Amino acid sequence: MATVQVNGQDVTIGDGERLNCIQAAAKAGVEIPHYCWHKDLSVVASCRMCLVEMGDKKPDGTIAMQPKLVPGCQTPVKDGSVIITNSDKVKGAEAGTLEFLLLNHPLDCPVCDQAGECYLQDYSYKYGRAYSRMQEPKLQKADKDHIGDQITLFTDRCVMCTRCVRFTKEISGTSELQVVSRGNHAEIDVFPGEPCNNKLAGNVVDICPVGALCSKDFLYEQRVWWLKGANSVCPGCSTGCSIRIDQNKDVVYRLKPRENPQAQGSFMCDDGRFGWKYIQDEKRLRMPVVRTSGTPVEQAWDRVLPAVKAAIEESIKRDAGRFAAVLSPWMTVEEAFLLAKFVKSLSPDARLVMGPVAVVGEDDLYPKGLHGEAPAKPKFTIRAEKCPNRLGVELVLKHFEGEVISFADAMADVGLGRIESLFAVGGDPAGWVTPEQAAQLAGLRLFVVQDILASAASEKATFVLPGSAWAERDGTFINHNGLAQGIAKAVRGPGESRADSRILFDLAGRKGLVHIPTLRKEIGAEIPALAALAVGQLGETGVSITTSSVAVNGTGAGKPVGAAG
Amino acid sequence: MAEFEPVLLARINKPDSTSLASYQADGGYEALRKALGMSPVEVTNTIKDSGLRGRGGAGFPTGLKWTFLPKDHPGPIYLAINADESEPGTFNNRVLMEKDPHQIIEGIAISCYAIKSNTSYLYLRYEYGQSYRALKKAVEECYAAGILGKNIFGSGFDLDIVLHRGAAAYICGEETGLIESLEGKRAWPRIKPPFPAIEGLFRKPTIVNNIETMACVTQIMKRGIEWFKSIGVPPDPANPRDAGSYGPKLYCLSGHVNKPGVYELPMGITARELIEKYGGGVPNGRQVKAVVPGGISMGFLTAAELDTKLDFAGPGKVGCLGLGTAAVVVIDDATSMVDVLFNCARFFAHESCGQCTPCREGTDWMRKILQRMRNGKGTLADLDLLMEVSGSIGTIPGTTICGLADGAAWPVKNAVKKFRSEFEEYIKSGKKSVDPGAHLVGAH
């Protein structure tokens, strides 16, 4: 244990913690302003915003301070380190650096996307001076819209922290962004004809501390102070990046990664960042539909749900072994549990099937090597498994069904007439059923589809139940590594669509309101492999189901949970 | 003082001074042969005991620098030679490289042997075409004669020298900027620690030394410690941190002086003696107004400070940054200090690498203020602002990574402080400076 003194206040640093002044001060609740330093990037100590006074406490209790200011980012702390951030010397340096940064920075905050979440604004208010003493005109640099398909550069707003350059060098490994020119003519740029279009490019907008790099998708869409955030998880692949959904008036405007060392780290990929637009698609299912005699009829929930329930009960009563429910890997753990428990409560012979698990290509590992090769020690992975909760749904299936029946096997049984009635949950925006499969399913005695987008299946189903996209639901996703994270509803779904958990809750005839923490407790108590969910609240960074003392499907405690099979 | 006999420049006026045959006829490469007969530690100790301080500008003791290398390192260890001579007013390295390249190569070989390096990169200022050709020819001659390459003089010591033409920027002469540039990157100086002796070129232990330092190494091995210490200024006993200024020094004299050129003189000659005795005084019967003691980043001496000794300690005693490269630029009394300072500020604004905020923005801000002053729109408050800006940039307040900003700040600090009345008069008079060549300069 080491003790570091920050502005006269002692703070304890754990063994093995290698912290710089910025991190140590943060532990003491003291903010050291900084631009170029980012915990996931190399240290360059060039913005000179984090200058502090640094010293050592001698064994006799006296403090010897270094005569010069030191960059807090570059200076590690050790036992006895003394950091001073509130002296006149430090405040003078901060005000000085900010004055320098603002000399040539356009004061176009009223039209800048970053305004409201800009470190130049924030630090200027906190540490800077109110006016510039430079009388000469500011430098004007041409904006660079060509810098990437998803990103644009307002060159004159740049503070040359080079975070973006280091990101493409150290995290994506693609090195598109460079510094060109010298002195205060230095600019960020790409090589001609080589725009920054790697799959992690959107992150440079997030790590840009000012409004220089902006997202073309979000540009001029909203003022950020209008946005309200909800913590969620990206459903794009089984990495399960922690994200924040920013919305205003039930319209999602952007996704931002949330730092979570247990999930993905600090970043997210562009597939996820920009891949959510389907939730606003006009093909979203908005009303429950009943298709009794071939013609679809929209019907209210309070009429359609009892009809669906009666139809399921009737099918199971006739031949439980020929009824199957398809659980999608896009469902939350709670939804899978509600559906599985409901079906098995009608008859233990009714079957539960795993919906199609989309696997596209191979895992995409970053940083890329010089020739695009995968790294030995990946810092970021876009996984081939393109769904958020395969693992969570499988654990539910194993508990209730004992095995994981694949969708392909179920379709074979449909062909052989061994399945006559099907309740299928979709959710995959890329589609989960082919037109041929849909035609085959249309011939069933009962075919219920709960989905978010119109598809070949919803065109044929006896009942269509409009569910909700992930941004419209509460629940739990478990990522590839057994990390259970909560997703929170950010927006309301379109039309009469309902959260899947509520549909299934009502279908199961449960009383009251859907309360996710209560459901988690019920699941944790009932399914040993998911005992970790019994905590109810998963917090901001989630709970690992593998660190609980309960073995997961024969896997020893603490080990990562592998794929099914 | 008796007339000093040049040593470093002894051969430059000989016919065919650049050839190996001529160099060997004057006893060339005997110092290397002698060094190879000693152990590397003995060679290092010889240089250390000679009191040789680096000639590149900072004056760091060369032998001491060598001892910072990690002990028993498996290698490779590199010696990078800084020949990116770009401090305005400096041309001593150029004379050595163009006229006596073998003296340099011998020094490099001795130094590499001492630090157990088998590869030396010579980073040469791109504009020095003649230096490049002379060095290239000399290196080729040495390879052919077995002085470079494998098993030099049968000693078992191998050495390769790689000539690398620089990227034509002032910052490439900064120790770690040079290393970055050698690695093929932007010459953005590195943060320290780690210092290059621990982790330098290609992340291996690296020593960076100056060309003139290499010439001194050759002469110290040839003539001995006693000879070297018999020249120059011993340490000030009152200052325990003063390492003394031994040996001969190449002074580059330029500006308003009758006989500009490179003069080899003992360390510690005064500016007055250099200008009047060797430089032949100021032309047109004018008087000295100011003198740059060692490249413009070192600041200015006033006419009253001409008796300052030009050794490592002297310029600092009168408020200059240091001896620097010993490039003495004389400014006569017909020259406006406002114009001089603007020219300095323009240089540093142009050469700031752009990495650290205070230097990137501060150097150009100072240039803009001086530009406005020259346009007749300066105010007295600008002088205080110049002092404030120059006081807040550089490694001395701790606000930048490398010393470029200190070099940019010092002429401003010195000029505004020592010539304040001239600046005030200039501002009050509202006069403008005519810059007949302004349209020719790639101005910002």
Side-chain angles (χ1 to χ4, degrees), chain A residues 35-37 42-54 66-71 73-76 89-90 92-105 120 132-139 158-162 165 169 175 178-188, chain B residues 167-172 185-193 346-373 375 377-379 381-382 384-385 388-389 391-402 404-405 408 442 444:
Chain A
Y35 292 109
C36 66
W37 181 76
S42 60
V43 177
V44 289
S46 65
C47 73
R48 312 311 270 194
M49 194 61 232
C50 66
L51 295 171
V52 293
E53 286 192 78
M54 185 83 189
Q66 294 176 23
K68 290 184 189 182
L69 294 168
V70 299
C73 64
Q74 187 199 333
T75 313
K89 200 172 164 186
V90 174
E94 287 169 347
T97 301
L98 282 167
E99 183 176 27
F100 283 136
L101 286 171
L102 284 174
L103 285 182
N104 288 302
H105 185 93
L120 197 52
S132 173
R133 293 181 291 176
M134 191 176 77
Q135 300 177 26
E136 288 74 20
K138 290 170 189 267
L139 287 176
C158 176
V159 294
M160 288 308 292
C161 70
T162 69
V165 175
K169 197 169 160 193
S175 299
Q178 309 289 335
V179 179
V180 299
S181 295
R182 205 167 57 206
N184 67 0
H185 293 267
E187 295 176 9
I188 303 297
Chain B
Y170 180 67
I171 198 63
C172 296
K185 302 171 186 162
R186 264 180 95 75
W188 273 12
R190 293 180 181 175
I191 50 174
K192 281 126 309 206
R346 183 172 60 181
F347 174 79
F348 288 108
H350 185 65
E351 294 295 348
S352 169
C353 78
Q355 187 175 206
C356 306
T357 307
C359 176
R360 176 180 73 237
E361 303 295 339
T363 52
D364 200 48
W365 191 10
M366 294 194 296
R367 179 193 66 80
K368 283 177 173 172
I369 292 169
L370 287 160
Q371 173 120 305
R372 181 160 45 79
M373 215 176 267
N375 288 337
K377 293 186 179 150
T379 62
D382 285 334
D384 296 325
L385 186 56
E388 193 188 323
V389 174
S392 67
I393 64 174
T395 59
I396 289 171
T399 58
T400 59
I401 291 171
C402 86
L404 188 145
H444 283 299

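In what follows, every chain begins at residue 1, and chains take the letters A, B, ... in the order their sequences are listed. Predicted model only: the values in this text are computed from it and were never measured.
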Chain B heavy atoms under 4.5 Å from A:S181: which part of the residue, side chain, backbone, both or neither? backbone

Max heavy-atom pair count under 4.5 Å with chain A, selected residue of B:Q355, B:R372, B:R190: B:R372

Side-chain (B:E351) to main-chain (A:G183) donor-acceptor, under 3.5 angstrom: no

Out of A:A186, A:G96, A:C47, which one racks up the most heavy-atom pairs below 4.5 Å with chain B? A:C47

One should read off an interatomic distance between B:E361 CD and A:H105 NE2, to the nearest 0.5 angstrom, of 11.0 Å

For atom NZ of A:K169, decide whether the heavy atoms of other residues, nucleotides or ligands shown that lie under 6.0 angstrom number more than 12. no

Is a donor on one side and an acceptor on the other found under 3.5 Å between the side chain of B:R360 and the backbone of A:H185? no

Based on non-hydrogen pairs under 4.5 Å, which of A:L103, A:L69, A:L101 is most in contact with chain B? A:L103

With only heavy atoms counted, which part of A:L51 is less than 4.5 Å from chain B, the side chain, the backbone, both or neither? side chain

Should the heavy atoms of other residues, nucleotides or ligands under 6.0 Å from NZ of A:K138 be counted, would the total exceed 12? yes

Quick one: pull up CD in B:E388 and CZ in A:R133 and give me the separation to the nearest 0.5 Å. 4.0 Å

Any sub-3.5 Å donor-acceptor pair from B:R186's side-chain atoms to A:V179's backbone N or O? yes

Distance-minimising heavy-atom pair for B:I191 and A:A45: CG2-CB, 3.7 Å

Which of the residues B:G354, B:A169, B:S392 is involved in the greatest number of heavy-atom pairs with chain A at under 4.5 angstrom? B:G354

Rounded at 0.5 Å granularity, tell me how far CH2 in B:W188 sits from CZ in A:R182. 12.5 Å

Atom pair NZ/OG1 of A:K68 and B:T395 - distance to nearest 0.5 Å: 4.5 Å

Please check this pair: side chain of A:R48 against backbone of B:T357, looking for a donor-acceptor N/O pair closer than 3.5 Å. no

Would you mind checking which part of A:P137 comes under 4.5 Å of any heavy atom in chain B, side chain (CB onward), backbone (N, CA, C, O), both or neither? backbone

Chain B: which of A:K89, A:Q66, A:E99 shares the most heavy-atom pairs with it under 4.5 Å? A:E99

